[in-house]
Structure formats: C-alpha cells, structure tokens
Amino acid sequence: MKRILVTGGAGFLGSHLCERLLKEGNEVLCVDNFFTGRRSNIVSFINNPLFEVMRHDVCFPLYVEVDELYNLACPASPIHYQFDPVQTTKTSVHGAINMLGLAKRVRAKIFQSSTSEVYGDPQIHPQPESYWGNVNPIGYRSCYDEGKRCAETLFFDYNRQHKLRIKVARIFNTYGPRMHPNDGRVVSNFIMQALQGKPITVYGKGHQTRSFCYVDDMIEAFIRLMATPDDFTGPVNLGNPGEFTILELAEKIIKLTRSKSKIIFEPLPHDDPTQRQPDITLAKKKLKWQPKINLEDGLKETIRYFRKLAPAS
Ligand code: NAD
Ligand code: UDP
C-alpha cells in the first residue's frame, strides 16, 4: 500500500483520481483549499478509512509523509483563474515550490498537472511536446499559462539539480461528471444551458477548435504515467486527438439533450486559442495508452450527471 498525496483532490480531476487510487488500495491524502473544489465531489468516498482530507492552500508549506504526490491544485477554468490572477500564479509557482520541496524531503515521486496552455495560441498543429509554444506573457490568460510554464521549469530543475523523480503531463481539455456546473468551461456551460433551455453562448464565430478527452481516459493516463520508469519524466501530452469546432460541440450537445435552446454569439475572450489538438504519439509509445471514449459517449455520461443537478427546462 502506498501513501499518496493529491493536491486539488476535491476538484473535478482530483476527485476522480482520489477515487481511482483508493480503489487500487492506496492510502490517499486529499489537500485542497476548496476554491473550486467541492465536498460533493468527494462525498461518495469520504468515509473510506483509507481517505483523509485536509483544508490547506498549497501556497504555504506542507509537512506530511507520502510515497507519491500528484500536484493538481490550480483552478482550471478561465473564469476562475482570472478571478484572482495573482493567486493563480502563486498557486502554480509557490505551490510547485512547496510540493517539490516536500517531495524532495521525503524522496517522493511527483506528478505535475501541466496543460496544453503552455503552447498558448499554437502555430504548429497538432502540437507535439517539442513545440515551445506561442504564449502572451502579459495577457489575461498569462497568470495561468505562464504560471504553469514556470512550474514546468521548476520541475525540470528539481529533476536535474536534486535528482527528483518527476512526471509532467500536459493535459488537453478534459470533461465529465463532477465538473462544476458554473465553472464557465465550454462543456459544462453548453450542457447546463441546453438542459435549462437557455441560449447556448458560442464565443466568437465558434470556428475555434478544441479536442475533448473524457475524464476516465485521462485518469487512466495519469496512473500509467506515474508508473513509467524513473528515466521517463515527460512532458507528455495527454488528450483525445478528436478535434471539433466549438460550433460543432454546441450542435452536438443540443442534439444529445434534445434541447430547444438556440445558439447565440458573444464576443471572443482575450487570447482565446484558435486551434488545439494533441499529438499523442509519445503517450501511445511510453504509456501504451490512447483514449477509448468518443465525444458522443462521453457527453452522454456528462449530460446524465448534469441532469441530476439542473432543473428541467
Ligand atoms: P478544478 O478547478 O476542478 O480543480 C482544481 C482544484 O484545486 C480545486 O479543488 C481547487 O479548490 C483546488 N485549488 C485551487 N487552488 C488551490 C490552492 N492554492 N491550494 C489548494 N488547492 C487549490 O480543475 P480540474 O479541471 O480538476 O483541474 C485539475 C488540474 O488539472 C489543474 O492543475 C489544471 O490546471 C489541470 N488541467 C486541467 C484541464 C482540464 O481540462 N480539466 C486541462 C489542463 C490542465
Ligand atoms: N466557449 C464558448 N462558450 C462558452 C464557454 C467557452 O464558446 O460558454 C469557448 C471558448 O471561447 C474557447 C472554448 O470554448 O474557445 C473552450 O473554452 P474553455 O473555457 O472550456 O477552455 P479553454 O480551452 O479556452 O481553456
């Protein structure tokens, strides 16, 4: 049995990861400041004797004894990470320093949830890990993008300087049950709007693309990455290469929910990337992994979850 720390463990991805690690018989310590995380995400396993929750902000040092550490703490939705941008950078940078320091003290293996945002508005398509990105350092998204880039730098310096065992995942848009209904991300927004019969808010012309990965596929990749030999550090792209325009996503969700909602167009947010698709050649090779759940099936599961939360229109 391993003792595993998951920061951001009450969030969307973190709660699924905690659940999976518990199922495998590990002891799990969930550390979260509940900024976007919710008790309801962890309620189904909160009484498991192998599970422990601690309210703590990763911007402050933490002293615990663990064998492995997954660092997921950081708001992921643009609305939430732009709410207090200084805190967002602190969470990524001070959070990484504190968690790397902890991992160094106890010689734990440490996983970083980095992001496709390190590629910014990419000029290479699809994006391989070797691409250095096209990121605005002073824009509205920079607190998140540059915070995550700096965290990657710290991870690789701890690896080179202190021989720390690191695993860096660049996560592309992931969706599924337990996303916050008011999270502001596109899948949750569109499903909530469709279920409530409200207009579907497509930003810009909706021609921008994203590649959407279902949460179960993503958690499987996390586990496989953590189990790779020590000389494999990443960064490795994790995501579903299926690429869709935002307009296509809106139409799909209207069809699957049988909603009467109409699409409306709203201004495109600052620095909104025009296209995004992971090149997952490396993940296929090193993790023997590729997503299995297609967008339609993943959306059906996610719609089922949101139906329980949203009053019918
Ligand atoms: P989320 O907002 O649901 O979860 C983030 C969790 O971190 C929440 O529980 C929040 O309360 C917690 N948190 C935030 N600041 C904290 C702090 N200072 N101290 C302690 N806890 C803190 O988002 P998510 O989608 O589950 O994302 C998890 C991780 O994966 C994030 O690091 C995010 O950047 C990364 N990621 C997610 C996606 C995606 O599509 N879901 C894509 C790329 C990267
Ligand atoms: N988007 C949209 N309507 C919404 C929410 C988002 O058209 O109600 C668009 C957004 O402009 C972006 C894409 O959907 O082009 C994905 O947005 P999200 O916030 O989910 O994640 P991002 O990949 O931009 O971080």
Side-chain angles (χ1 to χ4, degrees), residues 6-18 30-39 41-42 53-60 62 70-82 84 87-92 94-96 98-99 111-118 121 141 144-145 147-148 151 169-176 178-180 183-193 198-213 215 218-219 222 237-239 244-247 249-250 263-276 278:
V6 179
T7 75
F12 161 50
L13 293 179
S15 61
H16 285 279
L17 178 62
C18 289
C30 160
V31 163
D32 204 295
N33 71 350
F34 290 94
F35 175 51
T36 50
R38 291 173 300 156
R39 245 159 233 294
N41 285 344
I42 53 175
V53 194
M54 188 191 283
R55 182 184 284 268
H56 175 82
D57 185 326
V58 293
C59 297
F60 298 94
L62 177 68
Y70 288 85
N71 187 36
L72 271 64
C74 186
S77 136
I79 289 185
H80 287 136
Y81 70 64
Q82 288 169 24
D84 185 349
Q87 172 66 18
T88 299
T89 304
K90 282 187 185 170
T91 293
S92 278
H94 293 189
N98 289 324
M99 294 310 112
F111 171 107
Q112 168 65 357
S113 59
S114 191
T115 167
S116 53
E117 294 282 331
V118 299
D121 192 2
R141 294 176 87 102
Y144 184 74
D145 301 9
K148 290 283 188 181
R170 291 186 178 153
I171 305 167
F172 283 64
N173 297 62
T174 305
Y175 69 98
R178 298 195 191 142
M179 289 186 92
H180 198 298
D183 173 287
R185 280 182 276 188
V186 68
V187 173
S188 44
N189 264 13
F190 285 3
I191 295 179
M192 289 300 288
Q193 290 163 345
K198 293 182 180 161
I200 309 283
T201 55
V202 167
Y203 301 157
K205 293 192 174 122
H207 295 160
Q208 69 273 36
T209 67
R210 293 293 186 274
S211 304
F212 300 99
C213 185
V215 60
M218 185 56 67
I219 299 302
F222 285 11
N237 288 337
L238 301 180
F244 298 87
T245 67
I246 295 304
L247 207 49
L249 178 73
I263 291 173
I264 59 166
F265 294 90
E266 292 193 347
L268 194 64
H270 293 276
D271 294 335
D272 199 283
T274 15
Q275 53 180 7
R276 187 182 284 159

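If you read the sequence from its start, that first residue is 1, and numbering goes on from there. Counting convention: from 1, in listed order, for ligands and their atoms alike. From a predicted model like this one, the values you see are computed outputs, not experimental measurements. Keep in mind that the numbers below use all heavy atoms, side chains included, and drop hydrogens, waters and symmetry copies.
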- Query: What residue and heavy atom of the protein are closest to atom 2 (O) of ligand 1, and at what distance?
  - Reply: T36 OG1, 2.6 Å

- Under 4.0 Å from one or more heavy atoms of F34, ligand 1 contributes atoms 11 (O)

- Task: Compute the shortest N/O to N/O distance between A73 and ligand 1 and return yes if it is under 3.5 Å, no if not.
- Result: no

- Query: What about T115: any of its N or O atoms under 3.5 Å from an N or O on ligand 1?
  - Reply: no

- Message: Once you restrict to heavy atoms under 4.0 Å, what part of Q208 touches ligand 2? Side chain, backbone, both or neither.
- Response: side chain

- Message: I'd like to check which ligand 2 atoms, numbered from 1 as shown, lie under 4.0 Å from a non-hydrogen atom of V202.
- Response: 7 (O)

- Item | Salt bridge R210-D272, side-chain N to carboxylate O under 4.0 Å | yes

- What residue and heavy atom of the protein are closest to atom 10 (C) of ligand 2, and at what distance? D272 OD2, 3.3 Å

- Would you find a donor on one side and an acceptor on the other, under 3.5 Å apart, between the side chain of K205 and the backbone of L268? no

- Task: Take F111 and F222, measure what ring-ring contact (aromatic ring centres under 6.0 Å, His included) needs, and give me the verdict at the end.
- Result: CA-CA 8 Å; F111 171 107; F222 285 11; 4.8 Å; yes

- Query: Quick one: does L72 get an N or O within less than 3.5 Å of an N or O on ligand 1?
  - Reply: yes

- Query: Looking at ligand 1, does T7 have a heavy atom less than 4.0 Å from it?
  - Reply: no

- Message: Tell me whether V31 has any N or O atom under 3.5 angstrom from an N or O of ligand 1.
- Response: no

- Query: Which atoms of ligand 2 are found less than 4.0 Å from any heavy atom of E117?
  - Reply: 25 (O)

- Message: I want to know if ligand 2 touches Q193 in the polar sense, i.e. an N/O pair below 3.5 angstrom.
- Response: no

- Task: Considering the heavy atoms of L13, write down every atom of ligand 1 situated less than 4.0 Å from one of them.
- Result: 26 (O), 30 (O), 37 (C), 41 (N)

- Message: Is any side-chain heavy atom of D121 closer than 4.5 Å to one of T274?
- Response: yes

- Query: If you count the atoms of ligand 2 from 1 in the order shown, which ones are under 4.0 Å from a heavy atom of P78?
  - Reply: 19 (O), 25 (O)

- Can you find a pair of side-chain heavy atoms, one from V202 and one from I264, that are under 4.5 Å apart? no

- Closest non-hydrogen protein atom to atom 5 (C) of ligand 2, residue and atom name please, with distance? Y203 CE1, 3.4 Å

- Item | ligand 1 to D57 polar contact by distance, N or O atoms, under 3.5 Å | yes

- Message: Pairs of nitrogen or oxygen atoms closer than 3.5 Å, one from R141 and one from ligand 2: do any exist?
- Response: yes

- Honestly, for S116 the part within reach of ligand 2 (heavy atoms, under 4.0 Å) is neither

- Message: Under 6.0 Å from the ring centre and within 45 degrees of the ring axis: does the NZ or CZ of R39 meet both conditions for the six-membered ring of F34?
- Response: yes

- Message: Need the ligand 2 atom indices (1-based, order shown) with element for anything under 4.0 Å from a heavy-atom of T201.
- Response: 2 (C), 3 (N), 4 (C), 7 (O), 8 (O)

- Message: Checking a contact table here: which protein heavy atom is nearest atom 21 (O) of ligand 2, and how many Å away?
- Response: N173 ND2, 3.5 Å

- Query: Relative to the heavy atoms of G184, which atoms of ligand 2 are at a distance of less than 4.0 Å?
  - Reply: 5 (C)

- Message: Between E117 and R141, does any side-chain N to carboxylate O distance fall below 4.0 Å?
- Response: yes

- Message: So for ligand 1, is S113 a polar contact partner (N or O within less than 3.5 Å, distance only)?
- Response: yes

- Message: Using a plain distance cutoff, I'd like to know if G37 has any nitrogen or oxygen under 3.5 Å from a nitrogen or oxygen of ligand 1.
- Response: yes

- Flag G9 as yes when one of its N or O atoms lies below 3.5 Å from any N or O atom of ligand 1, and as no otherwise. no

- Please indicate whether any nitrogen or oxygen in V186 is less than 3.5 Å from any nitrogen or oxygen in ligand 2. yes

- Note on the structure: Counting from 1 in the order shown, the ligand 1 atoms closer than 4.0 Å to a non-hydrogen atom of H56 are 19 (N), 20 (C)

- So for R276 against ligand 2, with non-hydrogen atoms under 4.0 Å, the contacting part is side chain

- Roughly how far, to the nearest 0.5 Å, is the OG1 atom of T174 from the CE atom of M218? 3.5 Å

- Look only at the side chain of D145 and the backbone of V118, and say whether a donor-acceptor pair between them is shorter than 3.5 Å. no

- Quick check: does N189 get an N/O under 3.5 Å from an N/O on ligand 2? yes

- Task: Return yes when Q87 approaches ligand 1 closer than 4.0 angstrom through a heavy atom, no otherwise.
- Result: yes

- Please indicate whether any nitrogen or oxygen in S116 is less than 3.5 Å from any nitrogen or oxygen in ligand 1. no

- Message: Can you name the atoms of ligand 2, numbered from 1 with element, that are less than 4.0 Å from a heavy atom of I246?
- Response: 7 (O), 13 (C), 14 (O)

- Give a yes/no on ligand 1: does Y175 have at least one heavy atom closer than 4.0 angstrom to it? no

- Nitrogen or oxygen of N71 less than 3.5 angstrom from that of ligand 1: no

- Message: In this structure, does ligand 1 have an atom that sits under 4.0 Å from one of the heavy atoms of S114?
- Response: yes

